[in-house]
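Here's the structure we're looking at; comments come further down.
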Amino acid sequence: MHRLVSCAWLIVLAGCGSAMPSAPSPPGASATITITSAGVSPIQTSVAQGARVLFVNNDARAHNMTSDPHPEHTDCPEINNVGLLQPGQSRETGNLNTIRTCGFHDHDDPPPGGNKWTGKITIR
């Protein structure tokens, strides 16, 4: 019996205070941009540094969402993670870590013709 009590105490002590705290989970999407046949909504959004933005395609056709400028897509490469969204699909940007304003557009329907599928994300 004494051995059983000793083992129980060791189990209790092993679980107390000695564990390292887990690393914080990365921030999830803190804003959502919805794509419809009318365009993107909202056209402008603001997020905290390190956040991600979720793009949701509620249009009946695909949209290929990328960073400005067209066709290089180099201003905010984290937006390029969204890429091609089929109808009904959604995808997040990478973590937006640099404080700046990022323009985005539909690569397959760029401005000026595709102005309704353009917008800006401000990282603060």
Side-chain angles (χ1 to χ4, degrees):
M1 182 67 165
H2 178 39
R3 194 178 262 178
L4 182 60
V5 172
S6 295
C7 288
W9 268 111
L10 287 175
I11 292 169
V12 169
L13 290 175
C16 293
S18 63
M20 297 285 293
S22 62
S25 57
S30 60
T32 300
I33 296 174
T34 303
I35 306 164
T36 67
S37 61
V40 297
S41 179
I43 294 170
Q44 295 185 11
T45 191
S46 182
V47 297
Q49 186 177 16
R52 293 181 293 227
V53 175
L54 178 68
F55 282 74
V56 178
N57 185 2
N58 285 339
D59 197 355
R61 71 174 189 87
H63 290 276
N64 192 0
M65 305 310 290
T66 54
S67 170
D68 286 350
H70 182 76
E72 293 84 13
H73 312 126
T74 54
D75 283 355
C76 296
E78 303 88 349
I79 296 173
N80 299 337
N81 287 4
V82 176
L84 182 64
L85 294 175
Q86 295 298 329
Q89 282 188 317
S90 61
R91 194 170 300 118
E92 291 181 345
T93 65
N95 288 21
L96 298 161
N97 293 320
T98 303
I99 295 173
R100 60 188 164 180
T101 297
C102 297
F104 64 85
H105 63 276
D106 182 342
H107 172 77
D108 297 331
D109 198 359
N115 275 340
K116 63 184 179 179
W117 293 293
T118 64
K120 296 196 180 302
I121 301 168
T122 300
I123 301 106
R124 48 178 163 59

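Values below: every heavy atom of this structure, side chains too, minus hydrogens, waters and symmetry copies. Note that the coordinates shown come from a computational prediction; the quantities given were computed from them, not determined experimentally. Residues: numbered from 1 along the sequence shown.
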**Asked** Below 4.5 Å, heavy atoms only, C-beta onward: do Asp68 and His105 meet side chain to side chain?
**Response** yes
**Prompt:** For the side chain of Arg100 and the backbone of Asp75, is there at least one donor-acceptor N/O pair under 3.5 Å apart?
**Reply:** yes
**Connected hydrophobic set around Val56, excluding itself, where side chains approach under 4.5 Å** = Leu54
**Fill in**
Heavy atoms of His63 and Asp106 approach each other most closely as ND1-OD2, 2.6 Å
Using residues 114-124 as the side-chain source, report each donor-acceptor pair under 3.5 Å to any protein atom, sequence neighbours left out, with the distance given to one decimal.
{"unit_1": "Asn115", "atom_1": "ND2", "unit_2": "Pro112", "atom_2": "O", "d": "3.2"}
{"unit_1": "Lys116", "atom_1": "NZ", "unit_2": "Ser37", "atom_2": "O", "d": "2.9"}
{"unit_1": "Trp117", "atom_1": "NE1", "unit_2": "Thr36", "atom_2": "O", "d": "3.1"}
{"unit_1": "Thr118", "atom_1": "OG1", "unit_2": "Asn115", "atom_2": "O", "d": "2.7"}
{"unit_1": "Thr122", "atom_1": "OG1", "unit_2": "Thr101", "atom_2": "OG1", "d": "3.3"}
{"unit_1": "Arg124", "atom_1": "NE", "unit_2": "Ser46", "atom_2": "OG", "d": "3.0"}

**Asked** Val47 and Ser30: which non-hydrogen atoms are nearest, and at how many Å?
**Response** CG1-OG, 3.5 Å
**Prompt:** So which heavy atom on Met65 is nearest to which on Ile35, and how close?
**Reply:** CG-CD1, 3.7 Å
**Item:** Backbone of Leu84 reached by a side-chain donor or acceptor of Arg91 within 3.5 Å
**Value:** yes
**Message:** Any salt bridge linking Asp108 with Arg61? Criterion: basic side-chain nitrogen under 4.0 Å from a carboxylate oxygen.
**Reply:** no
**Side chain to side chain, Ser67 and Asn80, heavy atoms closer than 4.5 Å** = yes
**Nearest-0.5 Å distance, CD of residue Gln44 to CD1 of residue Ile33** = 10.5 Å
**Message:** Within this structure, what is the CD-CG distance for the pair Gln49 and Asn97, rounded to the nearest 0.5 Å?
**Reply:** 6.5 Å
**Prompt:** Taking the inter-plane angle between the rings of His70 and His107 on a 0 to 90° scale, is it parallel (under 30°), tilted (30 to 60°) or perpendicular (over 60°)?
**Reply:** tilted
**Item:** Which atom of Gln86 lies closest to which atom of Ala62, heavy atoms considered
**Value:** OE1-CB, 3.7 Å
**Considering all heavy atoms, the nearest Pro87-Asn57 contact** = N-ND2, 3.6 Å
**Closest non-hydrogen atom pair between Ile79 and Phe104, with its separation** = CG2-CB, 3.9 Å
